Every structure is written in structure tokens, then in C-alpha cells.
Amino acid sequence: MFKGALPGFRDFYPQELAERAYVMTTWREVARRYAFVEYDGPPLEPLELYTRKSGDEIVGQLYNFVDKGDREVALRPEMTPTVARMVAARANALRKPVRWFSMPQLFRYERQQKGRLREHFQLNVDIFGSSDVAADAELAACAVDIMRAFGLTSRDVVVRVSDRRLLHAYLSSLGVPDSAIEGVHQVIDKLQRTPHDVSAERLRALDVPAEAVEQIVHIAELTLDEIRSRLTGSAAENAEEFARYMEYVAVLLGGDDSWLSLDLSIVRGLAYYTGIVFELFDRSGEFRAICGGGRYDSLLASLGGADLPALGFGMGDVVLSELLRAKGLMRASVAGADVWIAAEESTPLTAVMAEAARRRADGQSVEYALRPQSLSKQKKAAQASGAREFVTLSNTDARHG
RNA sequence: GUGACUGUAGCUCAAUUGGUUAGAGCACCGGACUGUGGCUCCGGGGGUUGCGGGUUCAAUUCCCGUCAGUCACCCCA
């Protein structure tokens, strides 16, 4: 007995598929506004593509197996390695900056929970070959314009922005040793959902100076000026760049600066981020992150490809759809036919079929009752189907049909 | 992988401290009625109560296991 899809996988009935299509066409439409062009890659990749970047422990999170040719393979859990390979292979031939997007279905082997399944569709938007914060600003603005396209406002969603370099410089200014940075990142990443005293305890365990612990626990509330006042040299330049970034995003959003919020507690799990990183959240804090991304300038080189600066973001369909439904903004429904053709019960079915054929050849979407029925019955069926127009063949039509 | 809670029809739920043939609304199908925007009435299909054991004269109800779901942890593209 087959009952339901595999755990963490979804059946898309027509209504759900309509919603998915609505989300994906909106993604595509906004991405094109920003002159990103679409690409795709294989859903199945060599396992090594992921272990080389993330180490063997990642295998536990992957849908992987050995194929009939004895190859270790995995369903793609993310798009970045694939696109990095594709760009690297033609790095010299591609016009820079490369502005690409994709909407792959991604897979992850782990127990499902709210907003996180074993399979989802994710918009990936990336820029390769630009090291200026203008590129970072384009990404953030694009993500925000997607929110706008769905009818969401800055009262619904906030973009929390951080910068790996600023964070590192700030932590250094507090006396945090480089050896502790990674551990401190992990604590900071969990600040929002961890009691302060627990975070403080973890920080002390990492040999963070006592006076720095209190500062780090409240790191999310820092303003750019407060951070800037502690920095000198190249770090101070980073702060200036960050200010320019914020200005660019506001301009790209038509002068609206209400979306972005500096928040150094935004770390992003991935170690490969090197600069500005950001995440989109619903303001109420009810859902997981809607979107996340940032700059990963050294990733392409580390994967053995071209040494191109790179940045990008990913936005999954699961959390976004949950949010849209909660806000009453999921504007998707199954489309009915253009026209429903009815006829008296005594009319031969072939007359209706002939009319349907004529209209279908003309490009119309046509439905009709597949057996003779009373007109009232047909009318009800037509209404239930959502057909936009209801036409009744007269007996004259039928004869001419 | 760990833990907590949950599991009756497609959906939302019901079934008196364990007690006859597990019910209802919605949905679906059929029919009737109404010359109109999904009205009303009649009828119908659909459940080995997630699955497998156990206790009992008797289990939807109690116990164990398993599977699945929800939430959290781990992890986070």
C-alpha cells in the first residue's frame, strides 16, 4: 500500500503546484529585471564535489549512493559547487561580471522539521568577477525586490546584514584571539535563541576575555558608528565600504532604507564567506530565515578553478511559501478552462467535440462533459471547474457542426 | 542520530470510566428540483481506527514495538 511520499518529500497536487509555479515565476521575473540570466546543472553530482569543500562529515547530510558504474554520487544539496565548476570551466570566455541565477531542486538527508524538508526548490542568484560592494548591493536589492513582488513590505521582512571582516576586526579589538574566532562565531550564530548567560558561559570557555564577553553577548545591537569607533587601518576602510554598501542598497530600492538592519550576529553557517553576509527574516520571528547569502571571494580558487571574486544568495520555496500563506499573499489557484461547451442532452456528443476541436485549434482551452447530460448538470460542472465562459450549442450549431 | 508530543473517511473532528454493525459536517459521485452566479432535497461510494504484537470475555480506548507526522536538539545549502 502506497501512502504518501517519502519523508520530507512533497506531492504537488494542482493547487500546490500552482503555488510553486507562482513563487518560481515571480523569482524568475525579478531576477530578469536585474539582468540575471538563467542556467542549470545536473541534479546528481560526484560525491567528491561536496566532500572536497566541506569534508567527509557532510556525507551524513547528503542523499548519496553508489551508482551502477561504481561511482560515488549524491543528489545536489546546494548549487554553489556546481555553478563554481561551470564558471571556472569557462572563466576566461565569460563576460564579466557574470550574473547568473538558477532554481534547482536541492536535497538533504536529515530529519524534517518546520520549514526544512529533505527536498526543496531554491532560487540561487550569483555574481562572479566583481569585488565592489555595488555587486553586494545588487544582490540585497534583488532579494528585497522579490519580497516586494510578493506584496511583502519592510514591516513584514527585515534584511539583517553583517560583514565577516568587520566582525573579525571588532572581535580582535576586544582581545579575542584568532584561534577562538571559529568557536565564537558558533556562539554568536546562536545568540538569538540562547539565553545570554549560557552564551556568556560558552564564550568564557573559549578563553574570551571577561570584559569582551559582555560586549559579544550584545553584539547584535551595535550601530555602525559604534563599531567604526573601535577600528583603525584597513578595518576602518571596511567600515567605510560597508557604509557605502548600505547607501547603494537604499538607492537601488528607490531611496527606501527601511529594509536593512546591521546585525553582526548574522554569521551564516558556512565557513567560506569572506565579506558582507545577509539573511532575510520575517519581522515576527515566527519562521526560519527566508533567504541567506554573502560574498565568498576565495571559494572558486579553493575549488581549483579560476580566482574570481564571487557572491550570491539562496532563497528556498518552503519558508517563503509558509510566510506568504500566513500573510494571505499566496495568490495562486488552479486555472480553469477558457470555455466550457454545453449542449442539450439530445445533441450528439460529436457536435460538441467538433466545436471543441475548432476552438482548441484556435488556441483556446476547452472542456465539456464527456457524456450527454442535462444542461443544469453541465452548468454546475462548468462552474465547479472554474471555466471562464459557458457556451451552449444550439441545435442549429449542432447540425452545422 | 537524540528527545517530547501525536496518529479514527480526502479534510476537520466525534464515539459516554474498555462494551453491539466506528458516526457527523465539508468534499466527492448519482438523482431530483430551481431559468441563473455555485440554492434546496434525496441517495451513494469511501475507514482491517497507521502497522504488528500483548493484556482482556471484549481494545479506537490500556501496554510494548515499529512506521509516520509535529516540534525541539544536532546541522544548516
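Naming convention: chains lettered A, B, ... in sequence-line order (proteins, then strands); numbering from 1 in each chain. Hydrogens, waters and symmetry mates play no part in the numbers below; they use all other heavy atoms, side chains included. On a predicted model such as this, the values are computed, not experimentally measured, just so you know.
In this structure, Arg118(A) fails the cation-pi test against Phe107(A), since its NZ or CZ atom is not both closer than 6.0 Å to the six-membered ring centre and inside 45 degrees of the ring normal.
Atom P of nucleotide U70(B) and atom NZ of Lys114(A) are separated by 11 Å, given to the nearest angstrom. Atoms CZ (Phe287(A)) and P (A72(B)) sit 12 Å apart, rounded to a whole Å.
When each of A77(B), C75(B), C71(B) is scored by its nearest atom to the side-chain atoms of His120(A), the top-ranked nucleotide is A77(B).
Of the side-chain N and O atoms in Gln112(A), one or more sit less than 4.0 angstrom from OP1 or OP2 of G69(B). Listed pair Arg111(A) / C76(B) fails the phosphate criterion, with no side-chain N or O lying under 4.0 Å from OP1 or OP2. Between Gln61(A) and C76(B) there is no side-chain polar atom (N or O) within less than 4.0 angstrom of OP1 or OP2.
Between the side chain of Arg108(A) and the base of C75(B) there is no donor-acceptor pair of N/O atoms closer than 3.5 Å. A donor-acceptor contact under 3.5 angstrom links the side-chain atoms of Ser376(A) to the base of U34(B).
Under the ring pair (Phe, Tyr, Trp, His ring centres under 6.0 Å) criterion, Tyr22(A) pairs with Phe150(A), sequence neighbours left out. A search for side-chain hydrogen bond (donor to acceptor under 3.5 Å, both in side chains) contacts involving Gln112(A) returns nothing, not counting sequence neighbours. Evaluation of the side-chain contact (heavy atoms from CB on, under 4.5 Å) rule for Ser333(A) yields Gln15(A) as partners, not counting sequence neighbours.
Arg371(A) comes within 4.0 angstrom of sugar-phosphate atoms only, judged by non-hydrogen atoms across all strands, and of no base. Arg76(A) comes within 4.0 angstrom of nothing in the nucleic acid, heavy atoms only.
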> Dot-bracket, RNA chain B: Watson-Crick or G-U, under 3.5 angstrom, [ ] crossing, | other strand?
Replying inline: (((((((..((((.....[...)))).(((((.......))))).....(((((..]....))))))))))))....
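When all heavy atoms of Thr274(A) and Arg165(A) are compared, the closest pair comes out as O-CG, 3.5 Å.
Residues Asp263(A) and Ser261(A) bring no donor and acceptor atom of their side chains to less than 3.5 Å of each other.
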Could I get a table of every N or O pair under 3.5 Å where one atom is in the protein and the other is in nucleotides 38-45 of chain B?
residue : atom : partner   : partner atom : Å
C39(B)  : N4   : Lys380(A) : NZ           : 3.0

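Ring geometry, Phe242(A) versus Tyr245(A): the interplanar angle falls from 30° to 60°, so the pair is classed tilted.
Between Leu6(A) and Lys377(A), the one whose closest nucleotide on RNA chain B sits nearer the 5' end is Lys377(A). When each of Leu106(A) and Gly115(A) is assigned the nucleotide of RNA chain B with its nearest heavy atom, Gly115(A) is the one assigned upstream, toward the 5' end.
Listed by residue number, the members of residues 329-341 of chain A with any heavy atom below 4.0 angstrom from RNA chain B form an empty set.
Taking atom P in both G54(B) and U70(B), one finds a spacing of 31 Å when rounded to whole Å.
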